[in-house]
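What follows is a set of notes on a single structure, which appears directly below.
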Amino acid sequence: MSLEQELFEQRLARIPEIEKLGLKPYGHRFEFSHTLSRILDEYSARTAEELSERVNVKVCGRIQTIRRMGKAGFLHLQQSTARLQVYIKKDAVPEADFALYQLLDLGDIIGVEGYLFRTRTGELSVHAERLYFLSKNLLGVPEKYHGLEDVELRYRQRYLDLFANPEVQKVFETRARIIGSFRRQLEARDFLEVETPMMQPLYGGAAARPFVTHHNTLDIDLYLRIAPELYLKRLIVGGLERVYEINRNFRNEGVSTRHNPEFTMLEFYQAYTDYKGLMDLSCELLKQVAIDATGSAVVNYQGVALDFGNIRRLSIREAVVEFWKGPEKPTLEQVKDPEWLRSHSSKGTPGEQLMDIFERHGEDQLVQPAIIYEFPVEVSPLARQSDDDPSMTDRFEIYAAGMEIGNAYTELNDPREQRRRFEMQLAMRERGDAEAHQMDEDFLRALSYAMPPTGGEGIGIDRMTMLLTDSTSIRDVILFPLLRPEGPIGIGEWLGK
RNA sequence: GGGCCGGUAGCUCAGCGGUAGAGCAUCUGACUUUUAAUCAGAGGGUCGCGGGUUCGACCCCCGCCCGGCUCACCA
């Protein structure tokens, strides 16, 4: 028998012991008077004398540590990220409660009723007068000093990660604040939150390979969406002039520290503005999100201070010139010259060549938050062409810490040009580009009813969360990142005995 | 998918071609203000899986599984 199973059975055997004390090992309501964090907030500053006026509390949580010393002892209760010490003395609690105390295991969930005091060493604690048993832990818990460090276990058993490493909870609290901040800011600007299909008969709105699924009754294949864009623009046609959606996209592509197959995007569309208007809006949104998430517009990321209150704007071509790696720094004129582009990239068209060069020479050096604008038309099938250069579009991306975190453009609303772009994409698909855009005739029909001039933008919530929580892997900001299945676990058999 | 690194007790980690180790956790005992509690004792391992080399493999070789980093693709 493995040690783990031995431990499991030892603990299972405590259940009848607990029942002998007249207690239920699982499941009933517990009316607490304070959360642990409220006690810490309100009483951490109180001295022992100030606590001599009795403060009654009834609290609950998971047992994080136990120190037994014969006829008395201590334990730490943990609730969310807060922890509070409890002192149990044989004379101060009913006999059955002290018997219960002697049966407790690390990880059990209990309630404690008593009063606050400070121990001889000065730690704020609850002097227990009653104990309540709330739920039994049957498994060994990670070591108290190091916590759970095995990355695989942390992702597979996130529940364990969350209570063994309470700072992980903070990451997800920050993530929720980030989403809340975007919502509040957009609502304040009269944007309407909407939900559009995640299962789509045609996929579009981005360059990516999709997941395919099947509806049995209709007997049709459906795609998990790669972006909500085409549906959100249909809503603009319909007169919902400011809409946004925060939800999952699914892309059937590689997994890395920056990519999870499902990830969360904010997309918003505003009629009667353009990409320049969105640049201003983006700067306002990002600055406030940083403040709401971290308390400051200047955020520490991997030892670098990223300033979301001061976002630079430069064109792709300017970025290539500025961040050129190598001796022969090009001029702006050269970067516009097709000859020069061809001699520095093996890609097919000038636009693709420029993007290729930018990705090699600019992207990873955009550490401070920056807006990079003017993207080639070939890589922007849904964006409006620039008036002064039809090979470029009115589009920008937002970069920080070398990562793309946002993408925005003046929406293409000319249905004839949109049709031409779809044809272009189909030709690319013919040439073997599996990520090229599909033709969407219903979308063309919607545009044919006239879509107002519109600016649209997408912001990657996971990547924003990485930046604002100082996380280097997207898996650290997704509660349950995709992993291969782990195989048989075997606990069902133990529980069945 | 390629390259590099890793998988040893429940957790965190040593180890090494010659009898599998430590700390925490667990169990027994002592202890009525401890705090990485302390003290005395005990139990606990398919060394990721499968082959091979060898008198002998946790260790060397091959294949596979799982994970991390990285490159490619992408956001």
Describe the nucleic acid contact of A:Y155 in one word from base, sugar-phosphate, nothing, applying a heavy-atom distance below 4.0 Å.
sugar-phosphate
Heavy atoms from other residues, nucleotides or ligands near CD of A:E195 exceed 12 (cutoff 6.0 Å):
no
May I ask you to say what A:E486 touches in the nucleic acid, namely base, sugar-phosphate or nothing, with a heavy-atom cut-off under 4.0 Å?
nothing
Considering just the side-chain nitrogens and oxygens of A:R67, establish if one lies under 4.0 Å of OP1 or OP2 belonging to B:rU32.
no
For the side chain of A:E435, starting at C-beta, report the closest nucleotide among B:rU12, B:rU33, B:rC73.
B:rC73
Once you apply a heavy-atom cut-off of 4.0 Å, does A:T65 come out as touching a base, just sugar-phosphate, or nothing?
nothing
Please check the phosphate of B:rG68 (OP1 and OP2 only) for any side-chain N or O of A:R475 closer than 4.0 Å.
yes
Which part of the nucleic acid, if any, lies within reach of A:E404 when heavy atoms closer than 4.0 Å are counted: base, sugar-phosphate only, or nothing?
sugar-phosphate
Counting the atoms with a prime plus P, OP1 and OP2 as sugar-phosphate, which does A:D462 contact under 4.0 Å by heavy atoms, base, sugar-phosphate, or nothing?
nothing
A:Y87 and A:Q85: side-chain donor and acceptor closer than 3.5 Å?
no
Base, sugar-phosphate alone, or nothing: which one does A:R209 contact when heavy atoms must sit under 4.0 Å apart?
nothing
For RNA chain B, which residues of residues 41-64 of chain A approach it to below 4.0 angstrom with any heavy atom?
none
Is it the case that over 12 heavy atoms from other parts of the model lie below 6.0 angstrom from the CZ atom of A:R209?
no
Write out the stems for RNA chain B, ordered by first number and formatted as range with range, counting runs of at least 3 consecutive Watson-Crick or G-U wobble pairs under 3.5 Å.
B:1-7 with B:65-71, B:10-13 with B:21-24, B:26-30 with B:38-42, B:48-52 with B:60-64
Heavy atoms under 4.0 Å, any strand shown: does A:R484 hit a base, just sugar-phosphate, or nothing?
sugar-phosphate
Could you check whether A:R156 gets within reach of a base, just the sugar-phosphate, or nothing at all, counting any heavy atom under 4.0 Å?
sugar-phosphate
Examine B:rA37: is either OP1 or OP2 under 4.0 Å from a nitrogen or oxygen in the side chain of A:K144? Give yes or no.
yes
Please work out if A:L483 contacts a base, only the sugar-phosphate, or nothing of the nucleic acid, heavy-atom cut-off 4.0 Å.
sugar-phosphate
Ring centroids only, cut at 6.0 angstrom: are A:F358 and A:Y399 within range, meaning strictly under it?
yes
For A:S282 and A:F396, work out which heavy atoms get closest and say how close.
OG-CZ, 3.7 Å
For A:E397 and A:G147, find the nucleotide of RNA chain B closest to each by heavy atoms; which residue's nucleotide sits nearer the 5' end?
A:G147
Base, sugar-phosphate, or nothing for A:L106, non-hydrogen atoms under 4.0 angstrom?
sugar-phosphate
Please classify the nucleic acid contact of A:N137 as base, sugar-phosphate, or nothing, using heavy-atom distances under 4.0 Å.
nothing
How about A:H361 and A:F323: are their ring centroids closer than 6.0 Å?
no
A:Q64 side chain reached by A:F163 side chain, heavy atoms, under 4.5 Å:
no
ring-ring contact (aromatic ring centres under 6.0 Å, His included): which pairs involve residues 474-497 of chain A, sequence neighbours left out?
A:F8-A:W494
